[in-house]
Novice: 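Got a structure for you, questions after.
Index from 1, following the sequence.
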Amino acid sequence: MPGKIICTGLGPGDPDLISVRADRLIRTARHVAYFRKAGRAGQARRIVEGMLAPGVIEYPMEYPVTTELPVNSPAYRDALAGFYEDWANRLADLARTQDVVVLCEGDPFFYGSFMHLHARLQGRVEMEIVPGITGMTGCWNATGIPITWGDDVLTVLTGTMQEADLARHMQAADALVVMKTGRNLPKVRRALAATGRLEEAWLVERGTMPGQRVVRLAEAGDNDCPYFAIVLVHGQGRRPESGHGDEA
């Protein structure tokens, strides 16, 4: 009987935020694959520590490069393309006879590495995607401030973008999320300052995880932040006035 590939979203980091469906699939899995940097345990694997069944077979998918090469360089693209192609083939072979659970931080279809496998596995094997709470959702809840009000438009950017492009989108945004900060933080900070939005910005490191840090970006220092960090600017849009009831 053929198997299938099941990608489970793990939420923003706290194991308690994994969905009931994903939790059930992870605990009963016989084959589990997950991405990680070479030499590291991997964040996805850390989230499910203590959940895997005895005897489960694990498949660490180790990136050939992470920050060693510029993300827009041909060498970077070629290395990752080969990596995803190889693992797509390996998982497809395994799924001919077994179900394989692939762990994905956040939501699989929101800036997730699994998307690159999904594109290569279309039509080759049955797949099931289990949604997860996004990392940004966990982070803006960690600030204790609503991210959008009324007609606010939420703009999601990545710190890997060119500084001029970041500033252009920041200028037009009501509410703002910047993902993939890490070593891009100084560039993100400059773009926010150039658009007059630095004082509104928050930095959330390791949102919902041990070591969580929530601080105004202007007070955070100019050093690189961890990979698991997001910059937020909350919207200030239309809202009901106190004493006048709710507004649709």
Novice: Are Val125 and Met115 connected, step by step, through hydrophobic side chains (Ile, Leu, Val, Met, Phe, Trp, Tyr) whose heavy atoms are closer than 4.5 Å?
Specialist: yes
Novice: Going by heavy atoms in the side chains, are Ile145 and Trp202 under 4.5 Å from each other?
Specialist: yes
Novice: Which pairs pass salt bridge (charged side-chain N to carboxylate O under 4.0 Å, His left out) with one or both residues in residues 133-149, sequence neighbours excluded?
Specialist: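 Applying salt bridge (charged side-chain N to carboxylate O under 4.0 Å, His left out) to every pair that reaches into residues 133-149, excluding sequence neighbours, yields nothing.
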Novice: With rounding to the nearest 0.5 Å, note down the distance linking CG in Leu157 to OG1 in Thr181.
Specialist: 12.0 Å
Novice: Using a strict cut-off of less than 4.0 Å between a Lys/Arg side-chain nitrogen and an Asp/Glu carboxylate oxygen, indicate whether Lys187 and Glu163 qualify as a salt bridge.
Specialist: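 Here Lys187 does not pair with Glu163 in a salt bridge, since their nearest N and O are not under 4.0 Å apart.
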Novice: Below 6.0 angstrom between ring centroids: does that apply to Phe109 and His118?
Specialist: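 They qualify: ring centres under 6.0 Å apart.
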Novice: Taking only residues at least two apart or on different chains, which pairs with a member in residues 142-160 satisfy salt bridge (charged side-chain N to carboxylate O under 4.0 Å, His left out)?
Specialist: Asp151-Arg238
Novice: Give, for atom CZ of Phe114 and atom CD of Glu105, the distance between the pair rounded to the nearest 0.5 Å.
Specialist: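 It comes to 14.0 Å.
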Novice: For the residue pair Tyr227 / Gln43, report whether a side-chain donor-acceptor contact shorter than 3.5 Å exists.
Specialist: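 No, no side-chain donor-acceptor contact under 3.5 Å.
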Novice: Establish whether Val100 and Leu52 are linked, either directly or via other cluster members, by ILVMFWY side-chain heavy-atom contacts under 4.5 Å.
Specialist: no
Novice: Can a side-chain donor-acceptor contact be found between Asn89 and Arg124 if the only test is distance below 3.5 angstrom?
Specialist: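 On atom types as modelled, these side chains qualify, holding a pair under 3.5 Å.
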Novice: Tell me, please, which residues at least two apart from Phe110 pass ring-ring contact (aromatic ring centres under 6.0 Å, His included).
Specialist: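 Phe110: no ring-ring contact (aromatic ring centres under 6.0 Å, His included) contacts found.
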Novice: Indicate the ring-plane relationship of Tyr63 and Tyr84, choosing parallel, tilted or perpendicular according to the 30° and 60° boundaries.
Specialist: perpendicular
Novice: Hey, any chance Leu176 and Met179 share a hydrophobic cluster, counting ILVMFWY side chains that come within less than 4.5 Å of each other, even indirectly?
Specialist: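 No: no chain of side-chain contacts under 4.5 Å links Leu176 to Met179.
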Novice: Side chains of Val177 and Trp140: closer than 4.5 Å at any heavy-atom pair?
Specialist: yes
Novice: Mark yes when over 12 heavy atoms from residues, nucleotides or ligands other than Glu128 sit less than 6.0 Å from its CD; otherwise mark no.
Specialist: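 Counting neighbours around CD of Glu128, more than 12 heavy atoms of other residues, nucleotides or ligands fall under 6.0 Å, so yes.
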Novice: With the 4.5 Å side-chain cut-off for hydrophobic clustering, are Val215 and Val188 part of the same group?
Specialist: yes
Novice: Give the cluster check for Tyr59 versus Ile5: same hydrophobic cluster or not, with ILVMFWY residues linked at side-chain heavy-atom distances below 4.5 Å.
Specialist: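 Cluster IDs for Tyr59 and Ile5 match.
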Novice: If we ignore hydrogens and angles and just use 3.5 Å, is the side chain of Arg189 paired with the main-chain N or O of Leu217 as donor and acceptor?
Specialist: yes
Novice: From Gln171 CD over to Thr155 OG1, what is the distance, rounded to the nearest 0.5 angstrom?
Specialist: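 Answer for the CD-OG1 pair, Gln171 versus Thr155, is 12.0 Å.
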Novice: Rounded to the nearest 0.5 Å, how far does SG of Cys139 lie from CZ of Phe228?
Specialist: 10.5 Å
